2 protein chains.
Amino acid sequence: MQTPASDSRAKILDIAESLFSRRGYAGVGMREVALGVGLGKSSLFHHFPTKLELYNEVLARALSRLGDSLAPALRATLDPAARLERLIDALVDGLAEHPTTARLALRSLFEEDEVGYDPEAPPPYEETLRQLIGGFQALIAQGVEAGVFRPVSPGHLTQTLIGATVYHFASSDLGEEILGNPIFSADQVEERKRELKSLVRGGIVADTPATDSQRAR
Amino acid sequence: MQTPASDSRAKILDIAESLFSRRGYAGVGMREVALGVGLGKSSLFHHFPTKLELYNEVLARALSRLGDSLAPALRATLDPAARLERLIDALVDGLAEHPTTARLALRSLFEEDEVGYDPEAPPPYEETLRQLIGGFQALIAQGVEAGVFRPVSPGHLTQTLIGATVYHFASSDLGEEILGNPIFSADQVEERKRELKSLVRGGIVADTPATDSQRAR
DNA sequence: GAACCTACCGACCGATCGGTCGGGTGTCAA
DNA sequence: TTGACACCCGACCGATCGGTCGGTAGGTTC
């Protein structure tokens, strides 16, 4: 309950996060996690009843962390165009903060059945995920309805933005090789924001008057 | 050597492809593959020496299949803008053809170390992958240099396009829920092409005179 | 009919999987 | 002093992992 107690627990979550993000649920063993933490394997089961619950908690923590960095942008009272740009900034920043986040998010988005979930018992982090996506989609739909966006499909554009951000920060050495620079370096992160926003600005926003909300946060 | 021989081999590849695409390398056992094929487990090792070689062959086949559908678009003698649109059409079609392709490609792009590859022995499909990506990047760089594209970063735009296509067709039920329609249905595939090309057309191409290469192929 | 080949199989191997169990140690409250 | 509890451990469990082995059935070739 006290500090040293939750110390081990947090460390387990940290190690497990880094391992799961790289090799997925099935690719990581509890022995490996324990070794990384510096505990005996059986001690892990003192903090987490099963491997699956450990995995769920890792994902839930990562996704809610990501959600926290998006919340201000989603709540901001700006016109849809400015809010979308700010959302992109926040998403890129959120994904760039921990190299594990994008990979975990990507896994949660396309792996649903790597882990054998009971069809009637959706994973506990799914609600968080659904809210994040819903926020994107609502914002886009709003912008389209207001006429400030071209009449795009909110669903498709949401998919595009997720793919363009989450995939980018999840891609491995090979993706890094494409850019020629380390993906997570500060200037490449900034460049990523610029590229995405310029793509959106030229392709989505209806009128050209530069909505100058460049610096968000 | 004769027809009935390669019959089993192809069936193994098919079953393994569908399983690996859903649950990844570590999440699939040879027993499960054998059961799906309708053979004994030990018979698999008659056709493929190890699990890893089976996996590599599955990936190589899927990626070269994808490469084949992109090749005409990459070789076409058109201006960069028209060629890029045609490439998007081909990529979307190629990914939509088999539901397994996008997931396998995505895994190959961000999982590199799910399988424990010898650092000095890159997986045999990597070359194929590198060529596909290189084709994209070269085309974009060419367009930028010719001034027909805005001065985007070829690396970043490549990442964006891969994310926007591969991720989209790899996303599971949850991604499907976003659109409200089945991702692989013919009209949703067409819509995907339209959305992506309109995004590119508005955001990448420098001048607005409609480069009307709508129908490629 | 002997020799050889491909395709397939069940039985088995050592290793590792997730998870359990009994017990040890330290801390804190009664 | 005596629980009670959190934390941790090594030893162990049945199940499953990738992979091997010896052998069988059928088809060709000489």
Side-chain angles (χ1 to χ4, degrees), chain A residues 1-59 107 111 113-118 121 123-124, chain B residues 1-59 107 111 113-118 121 123-124:
Chain A
M1 203 64 93
Q2 56 275 55
T3 323
S6 48
D7 211 43
S8 275
R9 193 186 150 85
K11 196 167 180 184
I12 293 171
L13 282 170
D14 287 342
I15 300 289
E17 175 164 341
S18 107
L19 288 172
F20 282 138
S21 79
R22 286 206 298 268
R23 286 200 292 281
Y25 179 76
V28 175
M30 293 298 265
R31 279 166 179 84
E32 196 180 357
V33 176
L35 195 74
V37 179
L39 286 180
K41 189 196 58 160
S42 49
S43 300
L44 300 189
F45 291 94
H46 174 74
H47 297 276
F48 303 93
T50 66
K51 182 190 179 185
L52 184 55
E53 295 215 32
L54 170 58
Y55 184 68
N56 284 339
E57 205 143 330
V58 165
L59 249 69
R107 290 187 188 279
E111 272 191 341
D113 55 353
E114 159 141 1
V115 186
Y117 286 116
D118 187 331
Chain B
M1 202 65 89
Q2 57 275 55
T3 324
S6 48
D7 210 43
S8 274
R9 193 186 150 86
K11 195 166 180 184
I12 293 171
L13 282 170
D14 288 341
I15 300 289
E17 174 164 342
S18 105
L19 289 172
F20 282 138
S21 80
R22 287 206 298 268
R23 287 200 291 281
Y25 179 76
V28 175
M30 294 298 265
R31 280 165 180 83
E32 195 181 357
V33 177
L35 195 75
V37 179
L39 286 180
K41 188 197 59 161
S42 49
S43 299
L44 300 189
F45 290 94
H46 175 73
H47 297 276
F48 302 92
T50 65
K51 182 189 178 185
L52 184 55
E53 296 215 29
L54 170 58
Y55 184 68
N56 284 340
E57 205 143 329
V58 164
L59 248 69
R107 290 187 187 280
E111 271 190 343
D113 56 352
E114 158 142 3
V115 186
Y117 286 115
D118 186 332

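Chain A is the first sequence line, chain B the second, and so forth, proteins listed ahead of strands; every chain is numbered from 1. It should be emphasised that the depicted structure is a prediction, and the values quoted were computed from it without experimental measurement.
Put simply, the side chain of A:L39 reaches to within 4.5 Å of the side chain of A:S8, judged on heavy atoms.
The phosphate of D:dC7 (OP1 or OP2) has no side-chain N or O of A:S8 nearer than 4.0 angstrom. For C:dC8, the OP1/OP2 oxygens have a side-chain nitrogen or oxygen of B:H47 closer than 4.0 Å. Put simply, B:H46 has a side-chain N or O that comes within less than 4.0 Å of OP1 or OP2 on C:dA7.
A distance of 10.0 Å separates CG of A:L13 from CZ of A:F20, quoted to the nearest 0.5 Å. If you take CD1 on B:I12 and CE on B:M30, they are separated by 8.0 Å, rounding to the nearest 0.5 Å. The distance from the CZ atom of A:R22 to the OG atom of A:S18 is 4.5 Å, given to the nearest 0.5 Å.
With respect to B:Y25, the side-chain contact (heavy atoms from CB on, under 4.5 Å) criterion is satisfied by exactly one of B:L59, B:N56, B:L52, B:L54: B:L52.
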Shorter than 3.5 Å, N or O on both sides, protein versus nucleotides 22-25 of chain D: list them out with atom names.
none

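A:K41 contributes no side-chain N or O that, together with a main-chain N or O of A:G29, makes up a donor-acceptor pair within less than 3.5 Å.
B:S43 and B:H47 make their closest contact through O-CD2, 3.4 Å (heavy atoms, listed as atom of the first residue, atom of the second, distance). Closest of all the heavy-atom pairs between B:I15 and B:G36 is CD1-O, 3.9 Å.
Ranking D:dG18, C:dG19, D:dC7 by closeness to the A:K51 side chain, first place goes to C:dG19. Minimum atom distance to the side chain of A:F45 is reached by C:dG18, of the listed C:dG18, D:dG18, C:dT6.
Atoms OH (A:Y25) and C1' (C:dC17) sit 11 Å apart, rounded to a whole Å. D:dG18 atom C1' lies 16 Å from atom CZ of B:F48, rounded to whole Å. Rounded to whole Å, the distance from CD1 on A:I12 to C1' on C:dG18 is 15 Å. The nearest whole Å value for the distance from the CG atom in A:L35 to the C1' atom in D:dG10 is 15 Å. In this structure, CG of B:D7 is placed 14 Å from C1' of C:dT6, rounded to the nearest angstrom. Following rounding to the nearest Å, A:L44 (CG) and C:dG18 (P) show an atom-to-atom distance of 10 Å.
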Scan nucleotides 10-16 of chain C nucleotide by nucleotide, 5' to 3', and note B when protein non-hydrogen atoms come under 4.0 Å of the base, S if they reach only the sugar-phosphate, - if neither.
-> B------
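At a threshold of 4.0 angstrom between heavy atoms, the contacts of A:V28 are confined to the sugar-phosphate backbone, with no base atom among them.
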